[in-house]
Chemist: 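One structure, pasted below without further comment.
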Amino acid sequence: MGKMAAAVGSVATLAAEPGEDAFRKLFRFYRQSRPGSADLGAVIDFSAAHTARGTGPDARKVIRSQLSVSSVSDHDAHRAGLQPVSKWQAYGLQGYPGFIFIPNPFLPGYQWHWVKQCLKLYSQKPNVCNLDKHMTKEETQDLWEQSKEFLRLKQVNKRRPRSLLEKLRWVTLGYHYNWDSKKYSADHYTPFPSDLAFLSEQVAAACGFQGFRAEAGILNYYRLDSTLGIHVDRSELDHSKPLLSFSFGQSAIFLLGGLKRDEAPTAMFMHSGDIMVMSGFSRLLNHAVPRVLPSSQGEGLPCCLETPLPAVLPRDSVVEPCSEEDWQVCTSYLKTARVNMTVRQVLAIDQDFPSEPTEEKKRDITTEGFCHLDDENSQVKRAKLNPDS
């Protein structure tokens, strides 16, 4: 209780900067917070939600959420690398209807597959990434092959140049998001990964959204100094479908606000394996990531990533084996990084994109501007987006 009081007091006494709203003030507070200090005492930790309830004003918002256990068979859950839905813990927050937080429902070792996919497969062409702004398609053809030796030597030579994977900030899948126009279009599309689509369909069904179609994905690659600016994901044409978020690697602080930025947000931890679902009222709320937290053990992996992927997988599993060599590269990367996958359904059934001006269609998505992920001209923007930084 003492930590909670200290943290709340610190926020309360933090002077607002000119023109700074409640959300930006909290964003700045947590951006400057010190890991392991009382500054983080007010942050909800859903992985310990059964003990967190009642310790402070935000923790008392935590409620249990009901899942649709019968909508996903144990076999299909296993195919996606998930525990049976009956074993998942799911939580919501009072005042945020439609928000569901599922602390790490993955089977031991199965996160390895999704981490490897984000780094080795999803970063490949024809998918689009931030490096396309500064490099040719040939130069970004296979980021994994170009980076793996750099990452293997990471522990030996800390002053080596950063690999291309370490300069990666975002990748788009399926319908490729246009960062300048903040729109999707039929012309900017590549096939969505079938394994990620299957995983997303199972999670959506468990949360009551049978028939969810994974049509677009944005992968964010965070370094320890990265942030995600305050924004609303409103570009999808069908807001009745949820936004799914999957976190891997180092922990982070997530801020969930209101419909307007003058509403103070609620802070929560996101740990490796955690899944968030934003639907209904919560689908269009402001949110942000002000802080990625380094491991308390120095450059180490979360405990849930220390268990290897089983050698024998279900015959029809969408999860593929991960070699020791590949995981060595993933481990080196994740010791100082976090990866987040967000998956969305863009169109309603039988819905088409509205017609766009000819010039808009001609624009090359590989030469668009940086990814700020801000809904308005916010002063808080996505950090370290320049691949040369």
Side-chain angles (χ1 to χ4, degrees), residues 1-12 23 26-27 29-67 82-83 87-96 98-106 108 111 203 207 222 224 226-228 244-257 264-278 282 285 287-298 300-307 334 337-340:
M1 192 65 176
K3 277 191 175 182
M4 175 66 71
V8 173
S10 299
V11 174
F23 201 130
L26 265 293
F27 185 103
F29 173 78
Y30 284 113
R31 180 75 186 102
Q32 300 169 353
S33 62
R34 296 164 297 162
S37 71
D39 294 344
L40 305 184
V43 182
I44 295 173
D45 192 342
F46 285 99
S47 65
H50 60 286
T51 59
R53 249 182 263 166
T55 61
D58 281 348
R60 283 196 289 269
K61 294 179 181 178
V62 177
I63 56 177
R64 292 297 297 264
S65 290
Q66 296 298 316
L67 296 173
L82 298 165
Q83 300 179 50
K87 295 185 177 181
W88 298 7
Q89 301 294 317
Y91 301 96
L93 292 171
Q94 292 180 2
Y96 295 94
F99 175 77
I100 304 172
F101 194 106
I102 306 170
N104 185 15
F106 288 92
Q111 289 186 54
V203 172
C207 294
Y222 294 78
L224 293 179
S226 298
T227 65
L228 180 67
L244 310 180
S245 172
F246 304 85
S247 295
F248 303 105
Q250 301 301 324
S251 299
I253 296 174
F254 180 79
L255 299 180
L256 181 62
T266 297
M268 61 199 80
F269 290 112
M270 290 187 296
H271 301 303
S272 192
D274 289 349
I275 299 174
M276 289 193 309
V277 179
M278 297 175 67
S282 295
L285 296 183
H287 54 281
V289 178
R291 191 82 162 87
V292 178
L293 301 168
S295 170
S296 59
Q297 304 170 349
L301 288 183
C303 294
C304 61
L305 291 175
E306 294 177 353
T307 303
L334 281 185
R338 170 181 179 262
V339 179
N340 179 252

Chemist: Search all heavy atoms of Thr307 against all heavy atoms of Pro108 and return the closest pair with its distance.
Modeler: CG2-CB, 3.9 Å
Chemist: Between Arg338 and Ser247, is any side-chain donor less than 3.5 angstrom from a side-chain acceptor?
Modeler: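 The criterion, which ignores hydrogens and geometry beyond distance, is satisfied for Ser247 and Arg338.
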Chemist: Considering all heavy atoms of both residues, which atom of Ala90 and which atom of Ile100 are nearest to each other, and what is their separation?
Modeler: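 Closest heavy-atom pair between Ala90 and Ile100: CB-CG2, 4.2 Å.
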Chemist: Checking side-chain polar atoms at under 3.5 Å, does Gln32 have a donor or acceptor matched by the opposite partner on Arg291?
Modeler: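 No.
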Chemist: Walk me through it: do Asp274 and Ser47 pass the test side chain to side chain contact (heavy atoms under 4.5 Å, CB included)?
Modeler: CA-CA 9 Å; Asp274 289 349; Ser47 65; 5.6 Å; no
Chemist: Between Ile44 and Thr266, is there a side-chain heavy-atom distance shorter than 4.5 Å?
Modeler: yes
Chemist: Shortest non-hydrogen contact from Leu228 to Phe27?
Modeler: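 For Leu228 versus Phe27, the nearest heavy atoms are O-CE1, 3.4 Å.
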Chemist: Of the non-hydrogen atoms in Gly273 and Pro105, which two are nearest, and what is the gap between them?
Modeler: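 Scanning both residues, the minimum pair turns out to be O-CD, 3.3 Å.
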Chemist: Answer whether the closest heavy-atom distance between the side chains of Phe106 and Ile275 falls below 4.5 Å.
Modeler: yes
Chemist: Evaluate Phe254 against Tyr30 for ring-ring contact (aromatic ring centres under 6.0 Å, His included), listing each step before the verdict.
Modeler: CA-CA 10 Å; Phe254 180 79; Tyr30 284 113; over 10 Å; no
Chemist: Please report the interatomic distance CG(Leu256) to CG(Leu93), rounded to the nearest 0.5 Å.
Modeler: 7.0 Å
Chemist: Just by distance, no angles: are the side chains of Asn340 and Ser245 close enough, under 3.5 Å, to form a donor-acceptor pair?
Modeler: yes
Chemist: State whether a side-chain donor-acceptor pair under 3.5 Å links Ser295 with Gln250.
Modeler: no
Chemist: What heavy-atom pair brings Cys304 and Gln111 nearest, and what distance separates the two atoms?
Modeler: SG-NE2, 3.4 Å
Chemist: I need the His287 NE2 to Phe23 CZ distance, nearest 0.5 Å.
Modeler: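 Here the rounded value is 8.5 Å.
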Chemist: Output the distance between atom NZ (Lys87) and atom CG (Leu82), rounded to the nearest 0.5 Å.
Modeler: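 That separation rounds to 13.0 Å.
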Chemist: Indicate yes or no for a side-chain donor-acceptor contact from Trp88 to the backbone of Gln83 under 3.5 Å, with no hydrogens or angles considered.
Modeler: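 Yes, because the side chain of Trp88 sits within donor-acceptor range (under 3.5 Å) of the backbone of Gln83.
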Chemist: Please evaluate residues Gln89 and Ile102 with respect to the criterion side chain to side chain contact (heavy atoms under 4.5 Å, CB included), reporting the C-alpha separation (whole Å), side-chain torsions for both, the decisive distance (0.1 Å), and the verdict.
Modeler: CA-CA 6 Å; Gln89 301 294 317; Ile102 306 170; over 6 Å; no
Chemist: What distance separates Met270 CE from Ile253 CD1, expressed to the nearest 0.5 Å?
Modeler: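 The CD1 atom of Ile253 is 9.5 Å from CE of Met270, to the nearest 0.5 Å.
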Chemist: Considering non-hydrogen atoms only, spot the tightest contact between Ala264 and Tyr96 and give its length.
Modeler: O-OH, 4.3 Å
Chemist: Has the side chain of Ser65 got a donor or acceptor atom that lies under 3.5 Å from a matching backbone atom of Gly92?
Modeler: yes
Chemist: Residues in ring-ring contact (aromatic ring centres under 6.0 Å, His included) with Phe101, at least two apart?
Modeler: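 Partners of Phe101 by the ring-ring contact (aromatic ring centres under 6.0 Å, His included) criterion, ordered by chain and then number, come out as Phe46.
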Chemist: To the nearest 0.5 Å, tell me how far Asn104 CG sits from Phe248 CZ.
Modeler: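 So the gap between those two atoms works out to 8.5 Å.
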Chemist: With distance as the sole test, does Ser272 use its side chain to make a donor-acceptor pair with the main-chain N or O of Gly249 at under 3.5 Å?
Modeler: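 Yes; judged by distance alone, with no hydrogens or angles, the pair exists.
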Chemist: For the OG atom of Ser251 and the CG atom of Leu293, what is their distance to the nearest 0.5 Å?
Modeler: 6.5 Å
Chemist: Is Phe99 close to Met276 at the side-chain level, that is, under 4.5 Å between some pair of heavy atoms?
Modeler: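 Heavy-atom side-chain distance check passes, below 4.5 Å.
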